Amino acid sequence: MRVVPIEKVESQMQVGRTIYGANGETLLARGVALTPRYIERLKELGIVVLYIVDESVGDIQVDDVVSEKTRLEAIKCTKETMENIRLNPSLNLARINEAVNDIINELLNNRDLIVNLVDIRAMNDYTFGHSVNVAILSLITAITMGFGKDKLRILGAGALFHDVGKTAVPENMLIKTTPLTDEEEELFEEHTTIGFHILRKIESLSLQVAHVALQHHEHYDGTGYPRQLRGDEVNEFARIVTVADIYDRLTCGRAGRARLSPLQAVELIIANSGKFFAPEVVEHFIYTIALFPVGTLVMLNTQEKAVVVETFREYPTRPKVRLLVNSQGNRIIPPYEMELASNPDFYIIRILEEGEL
Ligand SMILES: [Fe+2]
């Protein structure tokens, strides 16, 4: 299967990966053939890309870094907890702790620790899927930075709850596609302090978790908010969550903004290393992302067209590819595979748009 932007999706194309709602309910099951009505509905839900079954890519499996079950359970209990936590500070967090532990254990057992999946989610459920994504990205980064389990647990909870203060921001402001007014901007920025005050009252949580909510919009160079902290003044967990948060927002195409490819988002993060982001976090974060995820169609310097079939942490720009079309534009039959890492004369020059194959 491969990723197709929703505007390029056509009737009869087959869904390559089940699409879930925030409560784990199936919105559209894998294998279903699309109809104009389904496509309309997906657009209404704010879904911007879709995994589609593709013959030329055929057998290629795109694996998530954590299991679907763990991810869905985490989304579900984050939603429940975030909706209740404000009014009920004595809330039992056992389920959230368990969800965080499950994610950590799966990641620690995963040798690759590289994110190949583009997360597909409906925009009305945005906050919860986003929180779980930020948690997973933050945790992978921290594992590669050498964090132990105790610190990973604090980071996981901090990442899941980093935007808990948004439960106090009016919903229509969060989904607004036009720029915020100065007043709205001010109100929006308060989600950091509001989140801090919600979380610090919860005895079973480390105070550090509250500090992640407070500090996740601070910048390394002191230009962030709310306190303009700089460098090491920013909490070490918040420094990681900041990068994961921006990456997920850039790549999801939310609120009318263009969706960046993993490569474009990583380039932007590298460009802002030492400005917005802590360099030692960026250094580790960029290896957690597959720049050319499995299923991406690419053009090689030889003008041959290929699809990415495997990615490697050590060689972010040199995945294994399957060659599909030769430089004259003819199908290669049968297609053959090549490790770009061991073929230095071959390299990717660009990502192909839908229909270019
Ligand atoms: Fe935020």
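All values derive from a computational prediction rather than experimental measurement. In listed order, ligands and their atoms are each counted from 1. We count residues from 1, following the sequence as given.
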Margin query: As a test of reading the structure, name the N/O/S atom of Asp163 that is nearest the Fe ion (ligand 1).
Written below: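 That would be atom OD1.
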Q: Give a rough value, rounded to 10 degrees, for the angle at the Fe ion (ligand 1) between atoms NE2 of His216 and NE2 of His191.
A: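 An angle of 90° at the metal.
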Verify whether the ring centers belonging to [X] and [Y] lie closer than 6.0 Å.
X: Phe188; Y: His191; answer: yes
X: His162; Y: His130; answer: yes
X: His211; Y: Phe237; answer: no
X: Phe276; Y: Tyr220; answer: no

* Checking only N/O/S atoms, does His217 have one that is under 2.8 Å from the Fe ion (ligand 1)? -> yes
